[in-house]
Undergrad: 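Okay, handing you the structure first.
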Amino acid sequence: YTSPASQNICGYMPDDFYKDKSLFREMILKDYRSEFFDNLSSKEKVVEGITNFRIISKKGNEVWVSNTSKQVFDEDGNFQGIRGSIRNIQDVIQKENAMSWQTKTLTALHETALELASKHDLQEVLQSILTRSVSLLNASRGSLFLYREETDDLILTLQENPLTELEKVVIKRGEGIAGKVLDEGQPVTIDNFSVWSGEKNRREKKTLGAVAGVPIFWGERMLGVLVI
C-alpha cells in the first residue's frame, strides 16, 4: 500500500509505484540506497527507527525525507511485513544547515579576530584568512593577491590547495576576476568560471566552476583580493 500523500512528498501518485516496482529504489540517492534496503531485507531482524535520506522527486529535485520503519505482525504474532512512514524534512535540514553556517562563520570571525590581536605578521594573518575562507565555503582551493600601490596591480602571494607550485603571477587592474575586483572595489561572483569570457589565460580554467572574488581592506586602504 502507498498513501496518496506520496504526491506531496515526491510528485508521484500511488499508481506510479504499483506500475513500476523499482521506482522507490531508484528515487533514493545511491549514497543511501544500500543501507536502507539492506535493513529492509533482513525481515524479522529489521532495525526499527528513523532514517533520514535524500530522494529525487518527479521534477528532478533532491529532497530530504525521514522514514520511520516499524514491523507488522498478525494477531498470532507472525511477522507480516514492514510499514514505512515518510515525511518531507527539507525545511528542517535547510534550517539546520543555516544555523551550522552561522555558527561556523561566527567561529571563524572570532578566531581571526584573536589572531589579528595576537600576531603581528601580516603574512600569517592573511594565510589564516585564506585557509578559513576555503574551509568555510567548502571550496576546492583559493588564492590571495596583494595589492601593489606603486604599480597599481596585484601579485599572487598565497594559495590554498593549489594545482601547481606558487608562481609569480601579476594581475593588472581589470584583468580576470581578481583584477575586476580591484577595479570595482567590490565582490565579484562567477557561476561558471570555465566559460567566463573575462578569463582567458589561466591553465586551470577548465577545472573550475563557481568562483568568487572579494576585496580585502584595512580601513580605506586596499590590501588585496581573495579569490575562492
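We number each residue from 1, following the sequence as shown. Computed from heavy atoms alone, side chains included, the values below leave out hydrogens, waters and symmetry copies.
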Undergrad: Asp76 side chain to Asn78 main-chain N or O, any donor-acceptor pair under 3.5 Å?
TA: no

Undergrad: Restricting to ring-ring contact (aromatic ring centres under 6.0 Å, His included), what partner residues turn up for Phe217, sequence neighbours left out?
TA: none

Undergrad: To the nearest 0.5 Å, how far apart are CD1 in Ile55 and CD1 in Ile28?
TA: 8.0 Å

Undergrad: If every non-hydrogen atom of Pro14 is compared with every non-hydrogen atom of Ser3, which pair is closest and at what distance?
TA: CG-O, 3.7 Å

Undergrad: Consider only side-chain heavy atoms of I, L, V, M, F, W and Y, link residues closer than 4.5 Å, and tell whether Leu29 and Phe24 are in one cluster.
TA: yes

Undergrad: Using the rule given for side-chain hydrogen bond (donor to acceptor under 3.5 Å, both in side chains), can you reason through Glu160 versus Gln127, listing the C-alpha separation, both sets of side-chain angles and the distance that settles it, and then say yes or no?
TA: CA-CA 9 Å; Glu160 188 76 10; Gln127 180 65 62; 3.1 Å; yes

Undergrad: Between Tyr147 and Ile216 (side chain of the first, backbone of the second, donor and acceptor by atom type, cut-off under 3.5 Å), is there such a pair?
TA: no

Undergrad: Quick one: do Met13 and Tyr18 satisfy side chain to side chain contact (heavy atoms under 4.5 Å, CB included)? Show the steps, please.
TA: CA-CA 9 Å; Met13 296 292 291; Tyr18 301 146; over 6 Å; no

Undergrad: Ignoring hydrogens, what is the shortest heavy-atom contact between Ile56 and Tyr12? Give both atom names and the distance.
TA: O-CE1, 4.5 Å

Undergrad: Keeping the roles fixed (side chain from Thr157, backbone from Ile155), state whether a donor-acceptor pair exists under 3.5 Å.
TA: yes

Undergrad: Which is it for Leu158 and Gln123 under the side chain to side chain contact (heavy atoms under 4.5 Å, CB included) test, yes or no, and what are the steps along the way?
TA: CA-CA 9 Å; Leu158 297 169; Gln123 192 86 349; 3.5 Å; yes

Undergrad: Can you name the one residue among Leu223, Val188, Leu182, Val181 that meets side-chain contact (heavy atoms from CB on, under 4.5 Å) with Pro215?
TA: Val181

Undergrad: Could you state the interatomic distance from CE (Met222) to CZ (Arg148), rounded to the nearest 0.5 Å?
TA: 14.5 Å

Undergrad: To check you understand the geometry: which heavy-atom pair defines the closest contact between Gly174 and Asp183, and what is its length?
TA: N-CB, 4.0 Å

Undergrad: Would you say the side chains of Asn52 and Ser66 form a donor-acceptor pair under 3.5 Å?
TA: yes

Undergrad: Would the number of heavy atoms belonging to other residues, nucleotides or ligands and lying under 6.0 Å from CD of Glu150 be above 12?
TA: yes

Undergrad: List in chain and number order the residues that pass salt bridge (charged side-chain N to carboxylate O under 4.0 Å, His left out) with Asp152, two or more places apart in sequence or in another chain; answer none if no residue qualifies.
TA: Arg173

Undergrad: Please round to the nearest 0.5 Å and tell me the distance separating atom NZ of Lys59 and atom SG of Cys10.
TA: 12.0 Å

Undergrad: Given side chains that start at C-beta, do those of Leu130 and Leu226 come closer than 4.5 Å, heavy atoms only?
TA: yes

Undergrad: So Trp64 and Tyr32, would you call those rings parallel, tilted or perpendicular, with 30° and 60° as cut-offs?
TA: perpendicular

Undergrad: Side-chain contact test, heavy atoms from C-beta onward, threshold under 4.5 Å: evaluate it for Phe53 versus Met27 and give yes or no.
TA: no

Undergrad: For Val227 and Ala178, work out which heavy atoms get closest and say how close.
TA: CG2-CB, 4.1 Å

Undergrad: Could you tell me whether the side chain of Asn161 and the main chain of Ser140 form a donor-acceptor pair under 3.5 Å?
TA: yes

Undergrad: Look up atom CG in Asp20 and atom CD in Glu26, then write down how far apart they are to the nearest 0.5 Å.
TA: 8.0 Å

Undergrad: Quick check for you: to the nearest 0.5 Å, what is the distance between Asp153 atom CG and Leu146 atom CG?
TA: 11.0 Å

Undergrad: What's the shortest heavy-atom distance between Lys58 and Asp16, and which atoms?
TA: NZ-OD2, 4.4 Å

Undergrad: Using the test salt bridge (charged side-chain N to carboxylate O under 4.0 Å, His left out), find all partners of Arg33 that sit at least two apart in sequence or belong to another chain.
TA: none

Undergrad: Do Ile9 and Val65 have side chains that get closer than 4.5 Å, going by heavy atoms?
TA: yes

Undergrad: Working to the nearest 0.5 Å, report the span between CD1 of Ile228 and OG of Ser143.
TA: 7.5 Å

Undergrad: Please give me the minimum heavy-atom distance between Val63 and Ser57, naming the atom from each residue.
TA: CG2-CB, 4.2 Å

